[in-house]
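To start, the structure itself, in structure tokens.
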Amino acid sequence: MKRLAFLALAAGLLLTALPAWPAAAIPLRIHLISGSKEYQSEPSLREFSAYLEQKGFRCTASWGQDKGKTLPNLDPLAQADLMIVFARRMQLPEEQMKRIRAHWEAGKPVIGIRTASHAWGEKDSPDIAVFDRQVLGNNYAGHYGDEKVAVTPAPGQAAHPVLRGVQPFTSRKLYKNKTLAPTATALQYGDNGKGREVVTLVNEYKGGRMFYTSLGVPEDFQDENFRRLLVNAIYWTTRRGP
């Protein structure tokens with residue numbers, strides 16, 4: 001008994017002597033919101049979240065529907081370090097939208113993919129205006145046809161941390177985006193031979209770092225350059241080094 005008591009005391013002293021676990025070593029908590037049928041957001045994000053889990057991130061998700069009227073499993077968002085949105089024109093109840101808004105209004109990081117520019121409500125929804133133009137710093141204005149798109153760095157931005165190790169690659173179905181918020185910075189352009197548009201940008205909103213890309217067709221998620229772009233964006237928006 002004396003030996004057990006001694007071991008317990010020694011173990012307690014050892015634990016109190018250990019330094020606090022550094023914040024950077026705590027796995028990032030990411031909550032994904034999916035609901036974009038045309039671009040197959042759910043299979044793309046399910047595969048991508050598994051890829052992130054292999055890198056040590058902790059992922060939770062709300063698997064919703066295109067123009068869906070509710071989101072399951074939204075509770076983990078309150079504890080998430082980062083929200084990733086790949087949804088289209090969801091018409092959620094106010095109670096759920098309030099919880100989603102609370103994330104970006106607290107200045108917590110957001111990554112928006114493809115249809116995230118028009119994720120909430122119908123065309124004239126106030127949430128679209130705020131989320132797309134203020135939070136993401138973007139300005140969605142429709143899209144071209146289904147042509148191939150050459151994706152290259154914006155002038156002077158090749159060394160930006162989000163583009164580290166990302167080579168020019170090809171996507172398709174270019175979104176139109178002419179006017180960024182004054183606080184936003186264009187990182188990549190897309191050119192389909194008919195137009196040249198900003199396809200990737202970063203922004204700051206209420207002290208938080210935001211990232212948006214209008215790329216994200218299913219085959220983009222199979223391209224190592226696109227996956228690297230998103231992983232870089234996770235580290236950059238959350239202010240953590242890889």
Side-chain angles (χ1 to χ4, degrees), residues 34-45 47-48 51 66-67 84-90 110-120 122-124 128-129 131-203 210-234 236-237:
S34 169
S36 185
K37 181 179 179 180
E38 180 180 359
Y39 298 108
Q40 302 175 39
S41 64
E42 183 167 337
S44 291
L45 288 182
E47 185 174 349
F48 184 59
Y51 175 81
D66 199 292
K67 295 188 177 182
I84 296 180
V85 179
F86 190 177
R88 178 180 176 275
R89 301 200 186 283
M90 287 190 163
V110 174
I111 287 178
I113 301 173
R114 193 68 175 173
T115 53
S117 57
H118 44 293
W120 320 115
E122 293 298 337
K123 184 176 181 180
D124 298 322
I128 285 183
F131 190 63
D132 184 35
R133 298 170 196 170
Q134 297 180 36
V135 178
L136 300 179
N138 183 60
N139 193 342
Y140 173 69
H143 56 76
Y144 296 87
D146 201 4
E147 303 89 0
K148 288 185 178 180
V149 177
V151 180
T152 56
Q157 296 299 327
H160 192 283
V162 171
L163 298 185
R164 185 180 295 119
V166 178
Q167 302 300 315
F169 61 98
T170 301
S171 184
R172 64 182 177 85
K173 206 164 188 178
L174 184 63
Y175 272 13
K176 297 178 181 179
N177 181 11
K178 296 291 187 184
T179 307
L180 302 186
T183 51
T185 300
L187 294 186
Q188 288 178 313
Y189 279 90
D191 192 325
N192 66 353
K194 296 180 180 179
R196 183 171 179 266
E197 308 284 348
V198 175
V199 294
T200 301
L201 58 113
V202 291
N203 190 40
M210 312 295 165
F211 168 93
Y212 172 72
T213 181
S214 61
L215 306 172
V217 295
E219 53 266 40
D220 287 343
F221 282 87
Q222 304 306 312
D223 191 308
E224 180 58 32
N225 290 294
F226 183 69
R227 291 196 298 268
R228 180 180 289 270
L229 177 75
L230 294 182
V231 172
N232 286 349
I234 290 171
W236 183 83
T237 54

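- The nearest pair of heavy atoms linking Gly190 to Leu174 is O-CD2, 3.7 Å.
- A side-chain contact (heavy atoms from CB on, under 4.5 Å) with Arg114 is found for one member of Val85, Leu215, Val217 and no other, namely Val217.
- The main-chain N or O of Val199 is found under 3.5 Å from a side-chain atom of Thr213 such that the two form a donor-acceptor pair.
- With a 6.0 Å radius and a threshold of 12 heavy atoms from other residues, nucleotides or ligands, Lys176 has its NZ atom above the threshold.
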- For side-chain contact (heavy atoms from CB on, under 4.5 Å), just list the numbers for Tyr189 and Val198, CA-CA rounded to whole Å, side-chain angles, deciding distance to a tenth of an Å, and then say yes or no. CA-CA 4 Å; Tyr189 279 90; Val198 175; 3.6 Å; yes
- Task: Please step through side-chain hydrogen bond (donor to acceptor under 3.5 Å, both in side chains) for the pair Thr183 and Asn203, ending with a clear verdict.
- Result: CA-CA 6 Å; Thr183 51; Asn203 190 40; 2.6 Å; yes
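- Below 30°, between 30° and 60°, or above 60°: for Phe221 and Phe226 the angle between ring planes is above 60°, a perpendicular geometry.
- In terms of heavy-atom proximity, Gln157 sits nearest to Ala186 at CG-O, 3.4 Å.
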- Item | Derivation and outcome, side-chain contact (heavy atoms from CB on, under 4.5 Å), residues Phe211 and Leu229 | CA-CA 10 Å; Phe211 168 93; Leu229 177 75; 4.0 Å; yes
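- Remark: Lys37 NZ to Thr115 OG1 distance equals 13.5 Å, nearest 0.5 Å.
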- Candidate pair Ile84 and Leu230, rule side-chain contact (heavy atoms from CB on, under 4.5 Å), full reasoning: CA-CA 10 Å; Ile84 296 180; Leu230 294 182; over 6 Å; no
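- The environment of CD in Glu47 is sparse: at most 12 heavy-atom neighbours from other residues, nucleotides or ligands sit within 6.0 Å.
- Checked for salt-bridge contact, Arg88 and Glu38 miss the test: no charged N lies under 4.0 Å from a carboxylate O.
- One finds the CD1 atom of Ile128 at 9.5 Å from the OH atom of Tyr140 (value rounded to the nearest 0.5 Å).
- With respect to Met210, the side-chain contact (heavy atoms from CB on, under 4.5 Å) criterion is satisfied by exactly one of Leu201, Thr237, Val110: Val110.
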- Item | Stepwise side-chain contact (heavy atoms from CB on, under 4.5 Å) check, Tyr144 with Val149 | CA-CA 10 Å; Tyr144 296 87; Val149 177; over 6 Å; no
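- Taking OG of Ser36 as the reference point, atom CE of Met90 lies at 9.0 Å (rounded to 0.5 Å).
- With sequence neighbours left out, the side chain to side chain donor-acceptor pair (under 3.5 Å) criterion links Asn139 to no other residue.
- Considering CD of Gln40 and CG of Asp66, their distance stands at 12.0 Å, rounded to 0.5 Å.
- Ring geometry for Tyr39 against Tyr175 counts as perpendicular: the plane angle is over 60°, on a 0 to 90° scale with 30° as the lower cut.
- Listed here is the closest heavy atom pair of Phe86 and Gly216: CZ-O, 3.5 Å.
- With hydrogens and angles ignored, the 3.5 Å screen pairs no side-chain donor or acceptor of Thr200 with any backbone N or O of Gln188.
- A distance of 11.0 Å separates CD in Glu147 from CZ in Arg172, rounded to the nearest 0.5 Å.
- The two residues Ser41 and Gly35 have their closest heavy-atom pair at OG-N, 3.2 Å.
- One distance of note links OG of Ser214 with NE2 of His143; it measures 11.5 Å at 0.5 Å rounding.
- When all heavy atoms are compared, the tightest approach of Ala233 to Val162 is CA-CG2, 4.3 Å.
- A pairwise comparison of heavy atoms in Ala184 and Gly137 identifies CB-O, 3.7 Å as the closest pair.
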